[in-house]
Amino acid sequence: MLRFVVRRLLQVIPTLLLLSIVVFAWLRSLPGGPATAFLGDRATPENIAELSRLMGLDQPIWVQYGRFLGRVVTGDFGTSSITGQPVIDEIGRALPATIELSVAALVIAVGLGIPLGYIAARYRGRPLDVFTVIGTLVGVAVPVFFLGYVLKDVFAVDLGWFPPSGRQSVAVDATKVTGFAVLDGILTREFDASLDALRHLVLPSLALATIPLAVIVRITRASVLDVLGSDFVRTANSKGLAPGTVRGRHVLRNALLPVSTTIGLQVGLLLAGAVLTERVFVWGGVGTLLADAITLRDYPRLQAVLLLGALIYVLVNLLVDLSYAVIDPRVRLS
């Protein structure tokens, strides 16, 4: 198991290196360039040339990449061309909001998706299965931003059950410890603040979880149907094993491999969907930073958010690989 983990960790390094090259090359190819974006209205040819010299943009491309990589390794992403603040500090303030939203959406998607997919497979062809399949098609088809506005209009404006936007109410004076609103309330024993944060989290997490939930349900259903038709399942049933044993140890465990892959891939969709969801619910996370960086051409912030998203995606897929080894020990030999 240790050799398997070390081998997977070593594979992460060239992946991250390649991703850094892609991000660096793409940002350098954008019209105008970092110097023009940083100067804004003062972007005269003379000022652009002078700032390019100070930023090292007149150096050979491999020299620029070497300096870029050196700063990234030390956590120095520069300062925002809009706010003038260190980008790493802005991300540090926004990242807990996005993680909180993404984790809540993933818990909903996985917690409902796997049981629904399994139940639909067991009752294949029956009304419950048909209803589940239709529901997943609708879930994939409806855009996240549209569903977000519908949820706000129905459950926040019309019914008043949940807050329409933000992470916490203005009247709640919560003590910040980690930046995670729900966790901070628990740590400081301000349970009213945690409850308020949970109420704010319900609608955006439901909107963000819809597509991953639909995908997980469909993959789980297909995987369980495939395993149910396997010889080893028929053998287990013919031996007279308890139905719970067959379903848990033989069917569900073997069906989880493709589901694990799907869950890892959905993290990327959660990060992408967070941009729209945070806009709709005024969430103030990394998705908002990314949207503002694109709109305002804030290159330091843009490259930092892209690299952070790539890092999270790679690490999550590393965890998926490790989960393979737990679910199916034969994977450790590959």
Side-chain angles (χ1 to χ4, degrees), residues 5-96 98-99 264-265 267-268 271-272 274-275 285-322:
V5 173
V6 172
R7 190 163 63 247
R8 288 296 187 268
L9 287 174
L10 291 177
Q11 292 175 357
V12 168
I13 297 175
T15 303
L16 292 176
L17 187 62
L18 178 61
L19 289 172
S20 70
I21 294 174
V22 171
V23 172
F24 174 82
W26 179 67
L27 289 177
R28 293 304 184 275
S29 67
L30 294 178
T36 303
F38 190 84
L39 289 170
D41 295 336
R42 298 170 296 165
T44 62
E46 295 78 11
N47 290 340
I48 292 175
E50 178 63 20
L51 184 59
S52 296
R53 184 185 64 81
L54 294 175
M55 297 175 66
L57 299 177
D58 58 343
Q59 299 292 321
I61 193 69
W62 59 85
V63 176
Q64 295 183 43
Y65 175 72
R67 293 177 177 175
F68 163 78
L69 188 61
R71 291 194 298 269
V72 168
V73 170
T74 59
D76 180 12
F77 293 98
T79 57
S80 170
S81 59
I82 304 302
T83 64
Q85 298 181 4
V87 173
I88 191 67
D89 292 343
E90 293 186 338
I91 292 178
R93 290 190 294 268
L95 186 59
T98 299
I99 292 178
L265 295 175
V267 173
L271 295 176
V275 177
V286 176
T288 303
L289 282 183
L290 178 60
D292 291 342
I294 294 173
T295 303
L296 303 174
R297 297 174 64 189
D298 190 343
Y299 284 86
R301 184 192 289 180
L302 181 58
Q303 70 181 11
V305 173
L306 290 176
L307 287 173
L308 174 66
L311 175 62
I312 293 175
Y313 194 78
V314 169
L315 291 179
V316 168
N317 280 274
L318 172 63
L319 293 177
V320 170
D321 284 345
L322 298 180

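Side chains included, hydrogens not; waters and symmetry mates left out as well; all remaining heavy atoms used.
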How long is the straight-line distance from [atom2] of [Y] back to [atom1] of [X], given to the nearest 0.5 Å?
| X | Y | atom1 | atom2 | answer |
| --- | --- | --- | --- | --- |
| Ser80 | Ile91 | OG | CD1 | 10.5 Å |
| Arg301 | Ile88 | CZ | CD1 | 13.0 Å |
| Leu289 | Arg93 | CG | CZ | 9.0 Å |

Got a sec, which pairs hit salt bridge (Lys or Arg N to Asp or Glu O under 4.0 Å) with one end in residues 74-88, sequence neighbours left out?
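Output for this query is empty, none listed.
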Side chain to side chain contact (heavy atoms under 4.5 Å, CB included) against [X], all qualifying residues, sequence neighbours excluded:
| X | answer |
| --- | --- |
| Val314 | Val12, Thr15, Leu16, Leu19 |
| Ile294 | Leu290, Leu302 |
| Pro96 | Phe180 |

Counting C-beta onward and ignoring hydrogens, is there a side-chain heavy-atom pair between Asp292 and Thr288 closer than 4.5 Å?
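Counting from C-beta outward, Asp292 and Thr288 do come under 4.5 Å.
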Donor-acceptor pairs under 3.5 angstrom involving side-chain atoms of residues 303-311: please list them, not counting sequence neighbours.
none

Between Ser20 (side chain) and Leu17 (backbone), is there a donor-acceptor pair under 3.5 Å?
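Between the backbone of Leu17 and the side chain of Ser20 there is a qualifying donor-acceptor contact (under 3.5 Å).
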Which residues satisfy the ring pair (Phe, Tyr, Trp, His ring centres under 6.0 Å) test with Phe24, sequence neighbours excluded?
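Phe24 satisfies ring pair (Phe, Tyr, Trp, His ring centres under 6.0 Å) with Tyr65, Phe68 only.
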